[in-house]
Every structure is written in structure tokens, then in C-alpha cells.
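Taking it in order: structure first as C-alpha cells, then the write-up.
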Amino acid sequence: MAMAVATVQVENERVRVTEWRFAPGTATGVHRHEHDYVVVPMTTGRLLIREGGQERANDLVLGQAYARGAGVEHDVINPGPASIVFVEIEIKA
């Protein structure tokens, strides 16, 4: 599977801000979050989350942020026909 494109916009001792761009059919690959993080959708769309041996839909709505804790291990996939973009803000300190 092709990979989503991650562009780090800001990184310092306190935060890392990454823009994620998912063309149709792309994924992050399985990864584990070392820090708490906030996701800010820049587009509306549905992503597929593979986590803990299960799959679930994750509906993103432009501008409706959500937060998750450190330790999350998952793969994020865009199964749809349109590109999806979000900004991820990891809180290091």
C-alpha cells in the first residue's frame, strides 16, 4: 500500500506539528504514538483505523479537533475516492 505524506511543520522541545496528506488508497503504516496528540481535520472525510486487531471508521469533519493519549498503536488508511488532510499536534512537554 502506498504511504500517506507527512510533512513536519514545527518541531521543538515542546511540540511536533505534522500535516498528513492521504491520497486515496494511502496509509500511515502501523505506528505507536509516544506523546499525547490532537488531530485537526483540514478536510471532511472517512478514514479506516486498524487498531488492536479490529477495524473501525473514523469520520473527520473540517475544523472539529479531537485528542488521543500516548501509547496508541494503529494504522490509518484512506479507503475512499477523495484526498484527506489533517494536522497532528503532538504534545511533548
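All values derive from a computational prediction rather than experimental measurement. Residues: numbered from 1 along the sequence shown.
For Ala65 against Val38, the heavy-atom pair with the smallest separation is CB-CG1, 4.1 Å. For Ala23 against Ser83, the heavy-atom pair with the smallest separation is CA-OG, 3.8 Å. When every heavy atom of Gly71 is checked against every heavy atom of Arg32, the shortest pair comes out as O-NH1, 3.3 Å. Taking both residues in full, the closest heavy atoms of Pro81 and Pro24 are given as O-CG, 3.3 Å, listed atom of the first, atom of the second, then distance.
Checked against a 6.0 Å centroid threshold, the rings of His35 and His33 do not count as neighbours.
Hydrophobic clustering of Ile, Leu, Val, Met, Phe, Trp and Tyr side chains at less than 4.5 Å, counting indirect connections, unites Phe86 with Ile49. Placement of Val17 and Met42 within a single hydrophobic cluster is found when ILVMFWY residues are connected by side-chain heavy-atom separations under 4.5 Å, directly or transitively. The hydrophobic cluster containing Val76 does not contain Val87, counting ILVMFWY residues as joined when their side-chain heavy atoms lie under 4.5 angstrom apart, directly or transitively. Met3 and Ile84 sit in two unconnected hydrophobic clusters of ILVMFWY residues. Membership requires side-chain heavy atoms under 4.5 Å apart, directly or through other members. No continuous path of hydrophobic side-chain contacts links Val39 to Val85 [ILVMFWY only; heavy atoms under 4.5 Å].
The CG atom of Leu48 lies 11.5 Å from the NE2 atom of His74; values are rounded to the nearest 0.5 Å. The structure places OH of Tyr66 at 5.5 Å from CG of Leu60, a figure rounded to the nearest 0.5 Å. From Gln64, atom CD reaches atom CG of Leu62 across 8.5 Å, with rounding to the nearest 0.5 Å.
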Exercise. For side-chain contact (heavy atoms from CB on, under 4.5 Å), just list the numbers for Ile91 and Arg14, CA-CA rounded to whole Å, side-chain angles, deciding distance to a tenth of an Å, and then say yes or no.
Key: CA-CA 6 Å; Ile91 305 161; Arg14 297 177 63 202; over 6 Å; no

Quiz item: For Arg68 and Glu51, what are the C-alpha separation, side-chain angles and deciding distance, and is it a salt bridge (Lys or Arg N to Asp or Glu O under 4.0 Å)?
Solution: CA-CA 13 Å; Arg68 295 195 75 190; Glu51 181 177 11; 3.0 Å; yes

Exercise. Could you please spell out the steps behind the salt bridge (Lys or Arg N to Asp or Glu O under 4.0 Å) verdict for Glu11 and Lys92?
Key: CA-CA 10 Å; Glu11 183 161 15; Lys92 295 181 179 181; 2.8 Å; yes

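Looking only at side-chain heavy atoms (C-beta outward), Phe22 and Val5 stay at 4.5 Å or farther from each other. Contact check for Met1 versus Thr26: no side-chain heavy atoms found under the 4.5 Å cut-off. The shortest distance between side-chain heavy atoms of Ile89 and Val40 falls below 4.5 Å.
When atom types are taken as modelled, the side chain of Asp75 and the backbone of Gly29 share a donor-acceptor pair closer than 3.5 angstrom. Although no hydrogens or angles enter the test, the distance criterion places no donor-acceptor pair under 3.5 Å between the side chain of Asn78 and the main chain of Gly25. With hydrogens and angles ignored, the 3.5 Å screen pairs no side-chain donor or acceptor of Thr18 with any backbone N or O of Glu88.
Counted within 6.0 Å of CD on Glu34, heavy atoms from surrounding residues, nucleotides or ligands total 12 or fewer; the atom is thus considered open.
Under the 30°/60° scheme for interplanar angles, the aromatic rings of His31 and Trp20 are found to lie parallel.
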